[in-house]
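Side-chain atoms are counted along with the backbone in the values below, which use heavy atoms only and exclude waters and symmetry mates.
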Amino acid sequence: MKQQPKNNNWKTKLHEIIYEADTKEGKWFDIILIITILISIVLVMLESVESFDIKYHNFLNISEWIITILFTIEYIARIVTIKKPSSYIFSFYGIIDFLATIPKYLSIFFIGTHALIALRALRLLRVFRILKLARYLGASRNLISALKASRIKISVFLFSVVVITIILGTVMYLIEGSENGFTSIPHSMYWAIVTLTTVGYGDLAPHTPLGQFIASLVMILGYGIIAVPTGIITSEMTKQDTKVHTNTQSCPSCSFEKHLDNAKFCNQCGEKLNHE
């Protein structure tokens, strides 16, 4: 049997460790990565506390540089171990990884930009792969699909709500008048929106009996309005596919990750996936 070149062997092994959470090494890598991200975020928070920063500034600065260098090495390793680096660099996680690494370097030239290191919190999204939380991601995808499918119905509903607020604002402006705080139709529309959404700031309220009666009807109507979009989205969600695939393998060519369970080839480019 023809052996793979050693160059490809170490790249394949490193790819499995960095990109996948199914192997023991890959899971430990991701766990260590998340712990490092959390430590980095805590350091940034502590640095924002003036008394703590004055006392431990050098320690915080050195620690952040060490973590930044580690993230830089990781970022380069992710690029090196993939056949098409651009597929990772311009991907969602690739952009987040870059934004999480660059702020400390920018702080050399621009004062205050190191605070952007807090963007590293976005990297914690990788925890879904480690803890096998893909089922919850699948549920969120179903919700997004339901929102897209019901966008026309919801748009019509929101347009109707806008029309109602215009009518209510005009009516309350005529009934209450400027002496009761309803100084204009837009201001009255603000009251209608606040009341219709059951927020009720209380900064503007009707004083006449008729105005209070209309306000009562608007409050009751508000509860009904809340239920309408919920019913529309729920109806669409029941039509969504409930099957969620938890395969965490990443394609070594294009870094595509949303593969079917037990898939042997990439759904995106057809490249053979790494298997133990």
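The shortest non-hydrogen separation linking S63 to L43 is CB-CD1, 3.6 Å. Contact between F182 and Y173 at its shortest, heavy atoms only, is O-CD1, 3.3 Å. When all heavy atoms are compared, the tightest approach of M172 to P206 is CE-CB, 3.6 Å. Contact detail for L14 and A77: the closest heavy-atom pair is CD2-CB, 4.4 Å. The minimum heavy-atom distance between G169 and S188, with the atom names listed, is O-CB, 3.0 Å. Nearest approach of I79 to P85, heavy atoms of both residues: CG2-CB, 3.6 Å.
Residues F157 and V162 are members of separate hydrophobic clusters, defined by side-chain heavy-atom contacts under 4.5 angstrom among Ile, Leu, Val, Met, Phe, Trp and Tyr. Transitive grouping of hydrophobic side chains (ILVMFWY, heavy atoms separated by less than 4.5 Å) keeps I220 and V218 in distinct clusters. Under the 4.5 Å side-chain contact rule for hydrophobic residues, I164 and I154 share a cluster. Taken together through direct or relayed side-chain contacts under 4.5 Å among Ile, Leu, Val, Met, Phe, Trp and Tyr, F98 and F71 form part of one hydrophobic cluster. Note on I73: it does not cluster hydrophobically with I62, by side-chain heavy-atom contacts below 4.5 Å among ILVMFWY residues.
Residues that satisfy the side-chain contact (heavy atoms from CB on, under 4.5 Å) test with F29, not counting sequence neighbours, are I17, I18, L33, E74, R78. The side-chain contact (heavy atoms from CB on, under 4.5 Å) search around F213 returns L217, not counting sequence neighbours. Under the side chain to side chain donor-acceptor pair (under 3.5 Å) criterion, S184 pairs with no residue at all, not counting sequence neighbours.
Environment of CD in E50: sparse, with no more than 12 heavy atoms of neighbouring residues, nucleotides or ligands closer than 6.0 Å. Around the CH2 atom of W28, the shell of radius 6.0 Å holds no more than 12 heavy atoms that belong to other residues, nucleotides or ligands.
Atom CG of L221 sits about 12.5 Å away from atom CD1 of I214, to the nearest 0.5 Å. For the atom pair CD1 of I225 and CG of L196, the computed distance is 3.5 Å after rounding to the nearest 0.5 Å. In this structure, N61 CG and D53 CG are separated by 9.0 Å, a value rounded to the nearest 0.5 Å. Taking CG from L168 and CD1 from I185, the interatomic distance works out to 12.0 Å, rounded to the nearest 0.5 Å. Rounded to the nearest 0.5 Å, atoms CD1 (I166) and CE (M189) are 4.5 Å apart. Here the OG1-CD1 distance, from T36 to I31, works out to 11.5 Å after rounding to the nearest 0.5 Å.
A donor-acceptor pair shorter than 3.5 Å can be found between the side chains of Y105 and T72. Side-chain contact of S40 with E64: a donor-acceptor pair under 3.5 Å is absent, judged by distance alone.
Using a 4.5 Å heavy-atom cutoff, the side chains of F52 and L60 are in contact.
Side chain of H207 to backbone of A205: a donor-acceptor contact under 3.5 angstrom is found. Checked by atom type and distance alone, the side chain of S87 pairs as donor or acceptor with a backbone atom of K84 at under 3.5 Å. A side-chain donor-acceptor contact under 3.5 Å links N180 to the backbone of E176.
Between Y75 and Y88, the ring-plane angle classifies as tilted under the 30° and 60° cut-offs. Ring pair Y190/H187 is parallel by interplanar angle, where below 30° counts as parallel and above 60° as perpendicular.
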